[in-house]
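Below is one structure; the comments refer to it alone.
Because only heavy atoms are used, hydrogens play no part in the values below, and waters and symmetry mates are left out as well, while side chains stay in. Values in this document were obtained by computation on a predicted structure and should not be read as measured data.
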Number of protein chains: 2
Amino acid sequence: MATDDLMSRALAALGEDGAPSVEVIHALADLGATPGPMTIAEAAVHLDVSPHTLRYYERAGLVQVSRDSAGHRVYDDVALRRLVFLTRMRLSGMPVRDLQHYVALVDAGKRTEPERLDILLEHRDTVRRRIRELTLSLAATEYKIATYGGSTGPDVEPVTDQADG
Amino acid sequence: MATDDLMSRALAALGEDGAPSVEVIHALADLGATPGPMTIAEAAVHLDVSPHTLRYYERAGLVQVSRDSAGHRVYDDVALRRLVFLTRMRLSGMPVRDLQHYVALVDAGKRTEPERLDILLEHRDTVRRRIRELTLSLAATEYKIATYGGSTGPDVEPVTDQADG
DNA sequence: GCTTGCCTTCGAGCGCGCTCGAATCTCTAC
DNA sequence: GTAGAGATTCGAGCGCGCTCGAAGGCAAGC
């Protein structure tokens with residue numbers, strides 16, 4: 001089950017109301033399936049990013065990846081789980097810098113859990129704010145679409161094109 | 001009524017359910033209030049961007065701004081309305097490149113309205129997709145927050161820290 | 001008159017997140 | 001043995017959207 005497939009399926013399962021089901025949440029939590037060791041090309045497909053990006057993440061210290069006898073990267077379950085987390089956080093807009101901080105905390109041990117939780121809580125709020133912004137922009141866009149022709153509103157009938165048309 | 005104030009107020013009025021009220025939509029459509037001519041500093045506050053950004057938008061051909069006798073920019077209602085539109089679209093993630101295309105169509109006259117409408121429709125879909133992505137990421141983040149301590153799920157009790165903790 | 005402050009233009013610089021190219025290595029297939 | 005695919009490292013480059021700095025202009029206040 002590739003992550004992009006999973007996201008696609010989850011997106012498909014997510015109704016217009018925007019309330020994810022329990023199944024979707026469980027699917028996103030990646031419970032169960034351990035896809036096993038894979039090459040960088042396979043991992044890239046699995047995570048829906050480019051091999052270049054995977055190497056970049058590794059260089060950035062976000063994930064450690066072992067090598068086989070040929071020196072090629074081997075993505076095991078540990079690396080893949082972290083990368084699923086990382087790509088998901090990136091998709092939701094968390095900067096790489098913040099992720100570097102977060103993984104540093106993870107690597108620093110269990111005592112950093114409170115701070116990690118704080119980061120997640122703050123990120124949650126950021127995502128919520130962003131969703132609201134987008135919801136408003138969406139409403140404005142839909143309003144503009146619905147009233148097209150009267151570019152500043154329904155009570156204005158422009159003779160020529162308006163500036164914000 | 002500054003645009004940022006308006007957005008703040010609209011955000012405050014927007015409940016957890018994420019369904020904007022008619023009032024909010026009307027407010028976002030900027031019906032009524034014409035703030036009159038203002039300086040670049042005033043416009044920047046009004047639009048919640050920097051003067052640098054306003055000059056950049058003008059250089060990018062997104063808006064035309066006249067000058068007073070001293071050569072200073074004068075933001076009239078036409079410019080301000082367009083900038084409200086532009087900043088809103090930017091906020092919702094439309095690339096400057098696309099906005100350049102859009103305003104070029106506006107300046108090309110009424111016959112380009114169908115294409116403009118297409119752009120808005122496509123943008124609407126893009127914003128919807130993005131909202132869904134963020135909603136899913138939010139759900140995953142909230143799940144992780146709720147199950148914190150069991151970093152890969154509730155059925156796993158890690159002895160040491162997990163890679164995706 | 002002179003300082004202060006905000007404005008102007010212009011081009012350059014920057015932070016982010018990749019993205020790419022070059023040179024080289026390893027494995028597989030023919 | 002040799003061609004080809006795909007991997008490696010490294011540093012550089014790029015597209016985006018600003019952001020800044022330098023050098024100078026204009027108007028008001030002391």
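Checked against salt bridge (Lys or Arg N to Asp or Glu O under 4.0 Å), B:Arg90 has no partners two or more places apart in sequence or in another chain. By the side-chain hydrogen bond (donor to acceptor under 3.5 Å, both in side chains) test, A:Glu115 is found to be paired with A:His101, residues two or more places apart in sequence or in another chain being considered. Residues passing the side-chain contact (heavy atoms from CB on, under 4.5 Å) test with B:Ala146: none are found, sequence neighbours excluded. Annotation: salt bridge (Lys or Arg N to Asp or Glu O under 4.0 Å) contacts of B:Arg124 (sequence neighbours excluded): none. B:Leu117 pairs by the side-chain contact (heavy atoms from CB on, under 4.5 Å) definition with A:Ile145, A:Tyr148, B:Leu121, not counting sequence neighbours.
For the pair B:Asp68 CG and D:dG25 C1', the interatomic distance rounds to 12 Å; values are reported in whole Å. B:Arg67 has its CZ atom 12 Å from the P atom of C:dC7, to the nearest Å. Nucleotide D:dT9 holds its C1' atom 9 Å from the CZ atom of A:Arg55, rounded to whole Å. In this structure, the CG atom of B:Leu54 is 14 Å from the C1' atom of C:dT8, given to the nearest Å. B:Glu58 has its CD atom 14 Å from the P atom of C:dC7, to the nearest Å. Residue A:Ile40 contributes atom CD1, which lies 19 Å from atom P of D:dA5 at whole-angstrom precision.
Residue B:Arg73 places no side-chain N or O under 4.0 Å from the OP1 or OP2 atom of C:dC7.
Side-chain contact check for A:Thr141 and B:His123: no donor-acceptor pair (N or O, by modelled atom type) lies under 3.5 Å.
Using a 4.0 Å heavy-atom cutoff across all strands shown, B:Ala41 reaches sugar-phosphate atoms only and no base atom.
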Item to check | Per-nucleotide protein contact string for nucleotides 16-30 of chain C, where B marks a base within reach and S marks sugar-phosphate only (heavy atoms under 4.0 Å, - for neither) | outcome: SBBBB-----SS---
